[in-house]
2 protein chains.
Amino acid sequence: MSDHRNGLRRSSINLSDAIIPGLCAGCEARHIGLCDALADEDLHFLASVAKSHTVPKGRMFVAEGDKARHFFNINRGTAKLFKDLPDGRRQITGFVGAGDFVGLAAADHYAFTAEAINEVRLCRFDRTELRSVFTTFPALERRLLDVASHELILAQEQMLLLGRKSAIERLASFLLGWSDRAEICPNGAQALALPMTRADLGDYLGLTFETVSRALSALKRQNIVEVGKDHGVRILDRDRLSAFATSRS
Amino acid sequence: MSDHRNGLRRSSINLSDAIIPGLCAGCEARHIGLCDALADEDLHFLASVAKSHTVPKGRMFVAEGDKARHFFNINRGTAKLFKDLPDGRRQITGFVGAGDFVGLAAADHYAFTAEAINEVRLCRFDRTELRSVFTTFPALERRLLDVASHELILAQEQMLLLGRKSAIERLASFLLGWSDRAEICPNGAQALALPMTRADLGDYLGLTFETVSRALSALKRQNIVEVGKDHGVRILDRDRLSAFATSRS
DNA sequence: CGCATACTTGAGCGAAATCAAGGCCTGTGG
DNA sequence: CCACAGGCCTTGATTTCGCTCAAGTATGCG
């Protein structure tokens with residue numbers, strides 16, 4: 001459920017916990033993407049070039065402009081990737097969660113900053129070592145090219161959102177996309193967790209946090225979504241939400 | 001020169017014209033990227049799986065939603081890649097020129113439409129054949145991963161532009177970026193050709209064509225750029241243009 | 001309990017969209 | 001040759017959506 005829309009399953013490597021991280025059952029299902037492509041012995045080899053880390057909430061673990069030494073795979077938690085302008089304006093280019101890769105959009109230096117929204121567990125690879133791994137396991141490179149292609153598709157979708165959609169359309173599009181890629185783990189009846197603040201949402205959608213709040217209130221008022229006090233959102237009317245996501249007014 | 005800012009040289013394959021297309025001297029220099037990575041015999045093998053085509057001005061050659069059978073490399077001319085909303089709003093996600101690849105942002109189906117702005121000459125590969133070429137020439141796959149990474153960097157930069165920059169900042173950013181990747185071919189004293197219309201520019205920058213026109217007039221009024229009647233633009237004060245590109249007001 | 005942070009809601013403003021008019025260039029046909 | 005039509009572009013007038021500023025509520029933590 002959940003990933004068929006993306007057209008690409010996400011995959012996660014965790015090597016301290018013997019390849020598949022100890023996540024809840026719902027998430028585990030989504031972590032087989034990379035394992036599919038590689039034999040067990042390959043995965044164990046990969047394990048030897050990666051290090052597991054825990055990033056506390058609010059801590060930055062990639063800084064725009066820094067030399068791009070590492071490449072990451074998220075095991076647990078959520079992080080935001082963003083770019084800042086000198087005067088403080090910020091554009092979040094994506095939220096990443098379990099199974100996502102971080103560091104593809106980098107040449108010599110990182111083109112973005114990454115910061116943990118809540119506690120994040122991740123695997124860190126050395127980029128130079130990764131290069132040599134590619135020659136041994138071409139399947140990994142193939143897979144990363146697929147991942148990059150998929151991220152390009154998402155990026156273009158986001159450009160359409162930022163360049164041409166109204167505030168309500170942006171929020172509706174986000175909620176639908178987020179629900180598609182959501183952790184279905186701890187929630188009882190399919191409420192989505194929104195670990196990011198309204199300000200983060202604004203920085204992602206090219207809006208102010210006030211406008212995000214107003215748009216969400218508008219959706220609540222029309223009984224399209226329901227918001228719990230634990231920052232959980234429940235989509236009550238997916239059809240009308242979809243209508244908002246693409247059509248004017 | 002010109003491509004050091006991008007951090008990645010663009011490469012072009014043309015097989016009807018024996019690998020390097022018959023372009024002017026200035027452009028030829030930028031077409032060696034892929035050739036660097038491959039031996040002559042590899043290039044000749046590649047030639048056997050590609051077909052050269054000419055796309056007339058205004059003709060669409062990739063349609064969003066179509067099965068993604070092909071992969072393209074532009075030899076000459078300029079095309080726009082875009083996504084449309086049902087009500088006609090359009091977001092151009094990029095302009096591509098000689099040396100650029102088209103079709104990376106595709107899974108099973110194209111996620112965008114591509115249309116020639118002027119007459120375009122391109123090389124067409126079959127995606128399935130390309131896959132098998134990868135196993136024979138891993139250098140090609142490595143290179144495509146680099147290209148995809150680079151496009152992700154550009155996409156994130158564009159998200160920052162669309163989400164957070166003012167009209168004048170958007171135009172200034174575009175002019176600087178365009179001048180970096182410009183064909184330095186036929187122009188005498190470094191005027192850039194703008195083959196796209198104001199409407200295209202608006203669709204790329206998330207603005208209306210009127211706003212683009214006004215912003216350009218503002219830059220003219222301040223003697224920062226000069227616009228010829230051949231749609232050529234000359235940057236008179238690159239420093240002040242750069243200042244506009246990042247700072248407010 | 002007090003303070004900080006996150007969120008909501010309202011009022012007024014402003015940048016860009018929309019609506020509208022006119023200019024310039026190219027091609028076409030009388 | 002001129003007349004005219006249709007793009008493309010510029011500029012002005014008005015509207016509007018989202019931003020800014022401001023006040024107030026809720027939640028969580030020392």
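Naming convention: chains lettered A, B, ... in sequence-line order (proteins, then strands); numbering from 1 in each chain.
One interatomic measurement links the two molecules: CZ of B/Arg89 to P of C/dA17, which rounds to 13 Å at whole-angstrom precision. Taking atom CG of B/Asp203 as the reference point, atom P of D/dC9 lies 12 Å away to the nearest angstrom. At whole-Å resolution of the value, NZ in A/Lys165 and P in D/dG18 are 14 Å apart. In this structure, the CE atom of A/Met196 is 14 Å from the P atom of C/dA6, given to the nearest Å. One can place CG of B/Leu171 at 13 Å from P of D/dC9, the figure rounded to the nearest angstrom. Rounded to an integer number of Å, the gap from CG of A/Leu194 to C1' of C/dT8 is 16 Å. Taking atom CG on B/Leu201 and atom P on C/dA17, their separation rounds to 13 Å, with Å as the unit. In this structure, CG of B/Leu205 is placed 15 Å from C1' of C/dA17, rounded to the nearest angstrom.
A/Met196 contributes atom CE, which lies 6.5 Å from atom OG1 of A/Thr78 (distance to the nearest 0.5 angstrom). Between the CG atom of A/Leu171 and the OG1 atom of A/Thr211 there is a distance of 11.0 Å, given to the nearest 0.5 Å.
Of the candidates A/Phe95, A/Phe82, A/Trp178, A/Phe95 is the only one forming a ring-ring contact (aromatic ring centres under 6.0 Å, His included) with A/Tyr204.
Residues B/Arg124 and B/Ser52 bring no donor and acceptor atom of their side chains to less than 3.5 Å of each other. At a cut-off of 3.5 Å, with distance as the only test, a side-chain donor of A/Glu169 or A/Ser166 sits close to an acceptor on the other residue.
Residue-level contact check: A/Leu207 touches the backbone only, with heavy atoms under 4.0 Å from sugar-phosphate atoms and none from bases. Using a 4.0 Å heavy-atom distance criterion, B/Gly206 is classed as a sugar-phosphate-only contact.
You'll find that the side chain of A/His231 is closest to C/dA6, out of C/dA6, D/dC9, D/dC19. Nearest to the side-chain atoms of A/Lys220 among the listed nucleotides C/dA16, C/dT8, D/dT11 stands C/dT8.
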Checklist outcome for this item: With sugar-phosphate taken as primed atoms, P, OP1 and OP2 and all else as base, the protein-contact string of nucleotides 21-30 of chain D at under 4.0 Å (heavy atoms; B, S, -) is B-----S---
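Looking at A/Asp203 and A/Arg89, no side-chain N of the basic residue comes within less than 4.0 Å of a carboxylate O on the acidic one, giving no salt bridge.
Checking the phosphate oxygens (OP1, OP2) of C/dT9, a side-chain nitrogen or oxygen of A/Ser217 falls inside 4.0 Å. OP1 or OP2 of C/dA17 has at least one side-chain nitrogen or oxygen of B/Thr208 nearer than 4.0 Å. Put simply, A/Thr211 has a side-chain N or O that comes within less than 4.0 Å of OP1 or OP2 on D/dC19.
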Taking distance alone, no hydrogens or angles, what donor-acceptor pairs closer than 3.5 Å link side-chain atoms of residues 53-65 of chain B to residues at least two apart or in another chain?
{"from": "B/Thr54", "atom 1": "OG1", "to": "B/Arg121", "atom 2": "NH1", "distance (Å)": "2.7"}
{"from": "B/Glu64", "atom 1": "OE2", "to": "B/Lys83", "atom 2": "NZ", "distance (Å)": "3.2"}

